[in-house]
Undergrad: 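The structure follows.
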Amino acid sequence: MDIKDIRNTGIIAHIDAGKTTTTERILFYTHKTHRMGEVDEGTTVTDYLKEEKERGITITSACVSCNWRNKRINIVDTPGHVDFTVEVERSLRVLDGAVVIFSAVEGVESQSETVWHQASKYNIPRIVFINKLDRVGADPSEACNMMKEKLGVIPLLVQIPYGVENSFQGAVDLIRWNLCIWKKDTGNEYILKDIPPDIKRWAREEREKLLEMVSLYNDHIAEIFLDGKEPSSQELVSAIREGTIANHYYPTFFGASLKNIGIQPLLDGIVDFLPSPLDPPPIKGQAPDGKQIERRPLSSEPFSALIFKIVQDPFGKLSYIRIYSGKIKKGSVALNANTNIKERITRIFVMYANKREEVEEASVGDICSIVGPKEIKTGHTLCAKEHPILLESPTFAQPVISVSIEPKTKADEGKLLSVLKMLEEEDPTFTCNFNEETGETIISGMGELHLEVLIKRIIRDYAVHSRVGKPRVSYRETICQEAEGEGRYIRQTGGRGHYGHVELTVSPLENGKGILINNSIKQGEVPKEFFPAIKEGVVESLEAGIFLGFPVVDIRINVTGGSYHEIDSSPIDYKISAGMAVKRAVEKAEPCLLEPIMDLEIIVPGEYLGAVLDDISARDGKITSLHGKGDLQTVMAICPLRNLFGYATAIRSLTQGRAVYIMEFGHYGKVPQGVAEEMARKIKGY
């Protein structure tokens with residue numbers, strides 16, 4: 001298929017907005033499936049894991065493809081729950097466009113904002129589908145207003161809904177100027193009618209707004225509009241596509257996926273408005289010499305691809321790739337630009353959720369999976385060995401919650417470690433560490449649900465019976481003031497000795513800035529070839545923790561000087577002395593403890609509002625905003641993670657199960673002094 005006829009598209013939204021249901025309808029109407037699966041029945045194509053079927057939520061992103069109007073649409077259905085936001089992040093990194101789904105009842109919710117900003121980070125063109133117009137309480141106008149208020153964007157209405165709630169039947173097409181009415185069956189057929197007089201005035205007003213918005217960015221439409229003429233539907237589609245790809249506006253559709261209304265126009269929108277792999281700028285990367293180079297989306301260009309997902313499969317390790325240039329054949333050899341290791345591609349598959357079709361080759365624009373490469377991780381680049389390029393890797397959030405895990409029998413010990421290593425390869429937000437002091441294996445993730453799902457997979461899918469400890473918070477350390485430190489590692493052993501001497505200063509950085517290391521050593525004091533060892537010693541000491549054993553973050557280290565011995569100095573000496581120096585500096589810089597502060601969004605019936613607010617206050621939380629819509633109240637709050645364990649059970653009890661909430665990591669905040677002192681007493685044993 002010609003590359004211009006490919007659409008690599010993600011479906012992103014808040015949990016329960018209808019992503020998977022919409023994907024099921026898309027597959028049915030494109031004749032990829034013969035029966036529409038339902039989330040509640042656990043029969044959907046893209047929710048194929050046992051946990052997904054049982055919980056009725058998407059946990060892992062799934063790739064499927066279908067054809068519409070002679071175009072191939074590669075769809076990635078992503079999770080909506082914040083604990084699995086890594087799946088959205090890595091999917092958006094390799095997609096060309098996205099469909100963002102909002103509920104007409106709830107509008108723009110917290111995770112909707114998160115995925116919208118993730119898409120903005122990668123400059124991805126989007127179209128919007130406002131779903132659930134058939135539900136009681138649906139308010140499409142309010143959903144559009146929330147897009148303006150919360151996202152700062154103006155939806156470009158290419159449709160307006162015909163009816164709402166029980167009377168919702170279809171939509172007015174403002175481009176082709178007709179009314180689409182769906183029959184009450186499988187939604188295979190819809191009738192095109194003239195626009196009824198009772199909504200013609202509203203439709204005319206919205207079409208005027210549409211033409212006005214498009215004319216701001218398209219001179220040809222502006223001329224037609226100013227002359228008082230009507231552009232053809234093809235001229236309008238072409239102009240809207242141009243503006244959508246440039247992220248000037250976001251074409252907005254209306255429908256009700258569960259009632260099979262509005263899917264075909266959405267498919268038209270994907271084909272008409274979202275980009276092909278030819279439309280985005282050429283992908284940029286680094287050459288081995290550090291210079292920036294680019295690859296054009298052509299099969300004649302050297303091969304380059306990004307590994308965005310790794311899955312452990314019964315047939316071996318599957319690596320999902322997006323090909324940005326060139327092509328790759330079964331049996332060929334590619335270079336891993338991150339490790340400089342050559343990898344043989346033994347098999348290539350086109351994926352359909354958990355099913356696969358083997359192919360001989362894959363080309364530019366394709367999203368596929370490969371078998372063969374061993375020394376790879378999510379975010380690595382595969383490229384032609386004669387033309388190396390390193391592509392930008394997606395960034396992932398750090399885990400905020402941990403539990404200890406141990407096998408029930410000695411025989412399962414090796415098996416557990418093997419399974420944990422596989423899960424680490426699959427999920428960059430899941431980490432596993434061995435605590436030498438306590439002898440515990442600690443696993444960390446993005447939330448209680450994240451760890452709960454992974455632990456169930458370990459016990460059920462991999463048959464490793466394990467004991468799991470109570471959840472614990474992933475604390476961090478930082479400093480509150482500037483300080484100096486010096487490290488000397490000088491040993492004489494009879495032969496060649498050891499000599500390392502490092503001087504440095506530490507100072508606090510803003511929240512979320514991590515670790516910054518500068519080299520300010522004067523020429524002649526320490527040879528520059530020892531600086532990598534100094535840097536390694538500093539980083540290792542900070543990651544091991546200095547105050548209470550938690551990683552040190554938000555700190556600037558300025559290596560100011562030192563000395564060396566022409567014979568006795570070696571890299572290991574400077575690594576040790578740098579670790580000593582940074583430890584002494586941090587101890588003098590008023591170290592303090594940081595904890596994860598979570599953002600909470602709670603939607604609760606008004607009668608339970610007081611109980612929910614009192615409970616947040618009792619957990620040392622703060623209310624940041626409160627607003628209502630009908631009988632429902634939306635509470636936005638921040639609260640320390642240490643006080644939120646078991647919150648799902650607590651809020652269910654407080655509201656008789658009628659409240660829903662989303663909790664996601666917000667930022668790291670300083671632990672109150674009394675709490676920090678109590679922790680220090682427990683950890684240090686005094």
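Since the structure is predicted, the reported quantities are computational estimates derived from the model, not experimental observations.
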Undergrad: Among E106, E109, E113, which residue satisfies the side chain to side chain contact (heavy atoms under 4.5 Å, CB included) criterion with H14?
TA: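 In the set E106, E109, E113, the residue that makes a side chain to side chain contact (heavy atoms under 4.5 Å, CB included) with H14 is E109.
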Undergrad: Quick one: closest heavy-atom pair of G262 and F129, and the distance?
TA: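 Closest approach of G262 to F129: O-CE1, 3.9 Å.
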Undergrad: Charged N to carboxylate O under 4.0 angstrom, E235 versus K229?
TA: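 K229 and E235: not salt-bridged.
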Undergrad: Quick check: does any side chain N or O of E301 sit under 3.5 Å from a backbone N or O of R295, one acting as donor and the other as acceptor?
TA: no
Undergrad: Within this structure, what is the CD1-OG distance for the pair I376 and S319, rounded to the nearest 0.5 Å?
TA: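 Those atoms lie 2.5 Å apart.
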Undergrad: Which residue in the set T22, T21, L27 passes side chain to side chain contact (heavy atoms under 4.5 Å, CB included) when paired with R25?
TA: T21
Undergrad: Looking at D77, V45, I11, which one forms a side chain to side chain contact (heavy atoms under 4.5 Å, CB included) with T20?
TA: D77
Undergrad: Can you see whether N70 engages D5 through a side-chain donor-acceptor pair at a distance of less than 3.5 angstrom?
TA: no
Undergrad: Donor-acceptor pair, distance only, cut-off 3.5 Å: does the side chain of K71 make one with the backbone of V271?
TA: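 The answer is no, because no donor-acceptor pair under 3.5 Å joins these two groups.
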Undergrad: Can you tell me how far the CG atom of L133 sits from the CD atom of Q169, to the nearest 0.5 Å?
TA: 12.0 Å
Undergrad: Does this structure show an ion pair linking K421 with E424, if we count only N-O contacts that are shorter than 4.0 Å?
TA: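 Between E424 and K421 there is no salt bridge, as every charged N stays at least 4.0 Å from the carboxylate O atoms.
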Undergrad: Which is it for K209 and E212 under the salt bridge (charged side-chain N to carboxylate O under 4.0 Å, His left out) test, yes or no, and what are the steps along the way?
TA: CA-CA 5 Å; K209 291 178 186 175; E212 191 176 331; over 6 Å; no
Undergrad: Name the one of D268, D272, D279 that satisfies salt bridge (Lys or Arg N to Asp or Glu O under 4.0 Å) with R241?
TA: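 Among the candidates, only D279 passes.
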Undergrad: Main chain of E24, side chain of K32: is a donor-acceptor contact present, judged purely on distance under 3.5 Å?
TA: no
Undergrad: Indicate the atoms forming the closest heavy-atom contact of P265 with F253, along with that distance.
TA: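 Nearest pair, atom of P265 first, then F253: O-CE2, 3.4 Å.
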Undergrad: Give a yes or no on whether a salt bridge exists between E189 and K183, defined as a side-chain N under 4.0 angstrom from a carboxylate O.
TA: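 Looking at K183 together with E189, the answer is yes, because their closest N to O distance falls below 4.0 Å.
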Undergrad: Test your reading of the model: is there a side-chain donor-acceptor pair from S304 to the backbone of Y324, 3.5 Å cut-off?
TA: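 A pair under 3.5 Å: no.
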Undergrad: Between the side chain of Q264 and the main-chain N/O of Y29, is any donor-acceptor distance below 3.5 Å?
TA: no
Undergrad: Give a yes or no answer on whether the side chain of N338 reaches the backbone of T381 with a donor-acceptor pair at less than 3.5 Å.
TA: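 Judged by distance alone, yes, a pair lies under 3.5 Å.
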Undergrad: Distance alone, cut at 3.5 Å: any donor-acceptor contact between the side chains of K377 and S393?
TA: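 Their side chains do not contain a donor-acceptor pair, so the 3.5 Å distance test is not met.
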Undergrad: Side chains of E223 and S215, heavy atoms from C-beta outward: is any pair under 4.5 Å?
TA: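 Result no, sub-4.5 Å side-chain heavy-atom pair not found.
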Undergrad: Measure the shortest side-chain to side-chain distance between P394 and L306 over non-hydrogen atoms and say whether it is less than 4.5 angstrom.
TA: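 Side chain of P394 against side chain of L306, heavy atoms only: contact under 4.5 Å found.
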Undergrad: Does E392 pair with K284 as a salt bridge, N-O distance under 4.0 Å?
TA: no
Undergrad: Might you confirm whether atom NE2 of H34 has over 12 heavy atoms from other residues, nucleotides or ligands at distances under 6.0 Å?
TA: no
Undergrad: Distance-only, no hydrogens or angles: does the R344 side chain make a donor-acceptor pair with backbone N or O of G331 under 3.5 Å?
TA: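 Present.
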Undergrad: Do side-chain atoms of R7 reach the backbone of K4 as a donor and acceptor pair under 3.5 angstrom?
TA: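 At least one qualifying donor-acceptor pair exists.
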Undergrad: What I want to find out is whether K121 reaches E89 closely enough, with some N-O distance under 4.0 Å, to be called a salt bridge.
TA: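 Yes, charged N to carboxylate O under 4.0 Å.
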Undergrad: Would E426 and Q312 count as a side chain to side chain donor-acceptor pair (under 3.5 Å) if you check the C-alpha gap in whole Å, the side-chain angles of each, and the deciding distance to 0.1 Å?
TA: CA-CA 7 Å; E426 283 189 10; Q312 303 298 335; 4.9 Å; no
Undergrad: Could you check if a side-chain atom of I345 sits within less than 4.5 angstrom of a side-chain atom of P373, using non-hydrogen atoms only?
TA: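 I345 reaches P373 side chain to side chain.
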Undergrad: Give a yes or no on whether the backbone of Q234 and the side-chain of S238 come within a donor-acceptor separation of less than 3.5 Å.
TA: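 Checked: no pair found.
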Undergrad: Taking the side chain as everything from C-beta on, heavy atoms only, tell me whether S276 gets closer than 4.5 Å to I6.
TA: no
Undergrad: Looking only at the side chains, is there a donor atom on one of S120 and R126 sitting less than 3.5 Å from an acceptor on the other?
TA: yes
Undergrad: Would you say I26 and L267 make side-chain contact, with heavy atoms under 4.5 Å?
TA: yes
Undergrad: Which heavy atom in P125 sits nearest to a heavy atom in I245, and how many Å separate them?
TA: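 Scanning both residues completely, I find the closest heavy atoms to be CG-O, 3.6 Å.
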Undergrad: Mind checking whether V172 and E206 have side chains closer than 4.5 Å, heavy atoms only?
TA: no
Undergrad: Ignoring hydrogens and geometry, is there a side-chain-to-backbone donor-acceptor pair from N8 to I367 under 3.5 Å?
TA: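 It does not hold such a pair.
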Undergrad: Side chain to side chain contact (heavy atoms under 4.5 Å, CB included) with T252: which of V158, I154, V100, I130?
TA: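 Output: one option passes, namely I130.
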Undergrad: Where is the tightest heavy-atom contact between G18 and N131, given as atom of each residue plus distance?
TA: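 Looking at all heavy atoms of both residues, the closest pair is CA-ND2, 3.8 Å.
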Undergrad: With the side chain counted from C-beta on, respond yes when I160 and L174 share a heavy-atom pair under 4.5 Å apart, and no when they do not.
TA: yes
Undergrad: Give me the ring orientation class for Y217 and H248: parallel if the planes are under 30° apart, tilted from 30 to 60°, perpendicular past 60°.
TA: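 Parallel.
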Undergrad: Is the shortest heavy-atom distance from the side chain of L95 to the side chain of F308 under 4.5 Å?
TA: no
Undergrad: Quick one, K309 with T60, criterion side chain to side chain donor-acceptor pair (under 3.5 Å). Give me CA distance, side-chain angles, the key distance, then yes/no.
TA: CA-CA 10 Å; K309 181 173 177 171; T60 180; 2.7 Å; yes
